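Computed over heavy atoms, backbone and side chain alike; hydrogens, waters and symmetry mates excluded. Remember, it's 1-based here, ligands and their atoms both numbered in the order they're listed. Remember, it's a predicted structure, so these values are computed and weren't measured experimentally.
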Amino acid sequence: MKVRAAVLREMGLVDPYEQSKPLTIEMVELAPPGAGELLVRVLAAGLCHSDLSVIDGSRPRPMPMVLGHEATGEIVELGADVADFAVGDRVVFSFVPMCGHCEPCAAGRPALCEPGAQANASGRLLGGGMRWHDGGQQQLQHHLGVSGFAEYTVTSAHSAVRIDDDLPPEIAALFGCAVMTGVGAVINTARVAPGESVAIFGLGGVGLAALLGARAASAYPLIAVDPVLEKLALARELGADVVVDPTREDVVATIREHTRGGAMHVIESVGNEKVLAQAYAATRRGGTTVTVGLPAPQRMLSIPAVSLTAEERTIKGSYMGSAVPSRDIPRYVALYRNGRLPVDRLLSHRLTLDEINTGFDRLKSGQAIRQVVLFD
Ligand SMILES: [Zn+2]
Ligand SMILES: [Zn+2]
């Protein structure tokens with residue numbers, strides 16, 4: 001079938017993207033779903049910083065690619081051998097497909113699924129298939145098994161989680177990356193207990209979702225760090241006890257002062273190794289620094305090595321919030337419905353597909369939290 005989609009053909013074009021247009025809106029060909037796959041009508045797709053990292057080349061991927069990894073939609077057709085879904089089901093995409101059988105999957109860590117990681121790195125679906133072609137019959141890569149910036153997409157059934165039908169699409173999409181990653185970093189990776197101090201570096205969609213998660217977990221005090229004043233104001237509204245602008249204050253000293261020597265958990269969502277070193281310095285003795293950021297591959301982290309031993313410090317990475325998507329997404333949706341996880345506050349802009357390059361300019365300059373493309 002013919003589908004309108006946002007295609008990235010070349011990484012590293014200079015901004016403003018409104019002019020250089022790294023994403024081109026094209027009519028492309030989408031093949032029917034193969035065995036174990038779903039055809040999904042995409043209803044909404046969010047713009048995430050890791051899309052930007054593919055666009056600017058700091059997270060290289062095979063090209064050309066139909067971009068987008070945070071999305072929701074409605075199943076319109078089942079491939080062969082799909083037992084767990086029906087036409088009409090609403091789903092959120094998980095950007096790591098979960099095979100269910102490899103060692104990490106068997107150990108309850110599907111965010112590290114090995115065939116899933118392999119498929120994602122090669123721009124293919126979990127079963128190895130590629131379903132996109134452009135007008136000239138060139139194959140287009142899948143983005144993390146999702147390719148959400150398109151009217152329709154084909155995905156592995158192992159990349160989908162069923163959700164409630166009545167959730168507004170622009171909210172549902174957020175659960176696929178920002179919420180699963182941010183809330184999961186607090187709940188699954190850091191395992192924050194009530195009354196423990198938490199500091200969050202970087203208040204994009206993921207960082208603010210982590211803030212909501214820490215609030216839901218009754219962290220105290222809850223400290224938010226970002227150089228954008230509007231984001232600090234929003235963080236306060238969402239429950240931050242202390243906000244810190246690192247361009248005006250000594251961020252490590254301020255956090256130490258409010259936490260008697262450092263926060264028990266520090267979540268870093270910026271994707272910059274210098275900020276990660278700062279986050280480590282702001283972590284207390286016996287505490288844990290969790291990073292969800294994705295620095296460019298050649299970046300190295302430098303920290304005082306002895307502190308790991310002498311202060312029993314821990315640094316943990318958190319990919320996709322160490323999530324079990326089929327367990328966590330319904331839980332987070334329930335918390336949202338109950339008012340304890342107001343993820344709708346992360347939604348800052350609604351876009352059409354044609355406005356997507358401008359949206360990435362806005363994301364890059366820090367003027368947006370979560371922007372969502374809506375399809376009708
Ligand atoms: Zn993302
Ligand atoms: Zn697996």
Side-chain angles (χ1 to χ4, degrees), residues 6 8 36 42 44-56 58-59 61 65-72 92-122 124-128 142-149 156-161 172-185 202-210 267-271 291-295 317-329 332 343 346-348 356 359-360 363-364 368-373:
L8 181 67
V42 179
L47 279 59
C48 173
H49 210 278
S50 43
D51 301 315
L52 193 55
S53 300
V54 181
I55 292 170
D56 70 18
S58 58
R59 195 158 170 76
R61 294 276 173 192
M65 173 175 275
V66 179
L67 213 65
H69 67 280
E70 179 186 85
T72 185
V92 164
F93 296 89
S94 162
F95 63 84
V96 177
M98 309 146 268
C99 81
H101 306 295
C102 69
E103 191 187 314
C105 279
R109 303 181 72 181
L112 300 179
C113 176
E114 286 163 0
Q118 226 166 34
N120 281 355
S122 63
R124 292 170 177 271
L125 296 178
L126 183 63
H142 294 263
H143 187 199
L144 304 178
V146 179
S147 294
F149 298 144
S156 163
H158 295 285
S159 298
V161 175
L174 307 176
F175 286 89
C177 178
V179 176
M180 186 156 53
T181 303
V183 180
L203 301 175
V206 171
L208 283 166
I267 315 281
E268 184 277 328
S269 70
V270 178
T291 178
V292 301
L294 293 165
S318 179
Y319 191 57
M320 202 169 75
S322 312
V324 179
S326 55
R327 175 196 68 189
D328 294 348
I329 289 177
Y332 301 158
V343 304
L346 308 182
L347 179 66
S348 61
I356 197 163
F360 279 110
L363 182 62
K364 189 162 191 176
I369 310 288
R370 233 13 169 214
Q371 309 173 83
V372 170
V373 173

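Across P104 and L112, no two heavy atoms sit closer than the pair CG-O, 3.5 Å. Scanning both residues, N120 and F95, for their nearest heavy atoms gives ND2-O, 2.9 Å.
In this structure, the side chains of L67 and I55 come closer than 4.5 Å at one or more pairs of heavy atoms.
Distance check for H49 against the Zn ion (ligand 1): none of its N/O/S atoms falls below 2.8 Å. Among the backbone and side-chain atoms of C102, an N/O/S atom is found under 2.8 Å from the Zn ion (ligand 2).
The Zn ion (ligand 1) forms the vertex of an angle spanning SG of C177 and SG of C48; to the nearest 10 degrees it equals 120°. Put simply, the angle at the Zn ion (ligand 2) from SG in C105 to SG in C99 is close to 120°, to the nearest 10°.
Under a 3.5 Å cut-off, the side chain of S269 and the backbone N or O of G202 do form a donor-acceptor pair.
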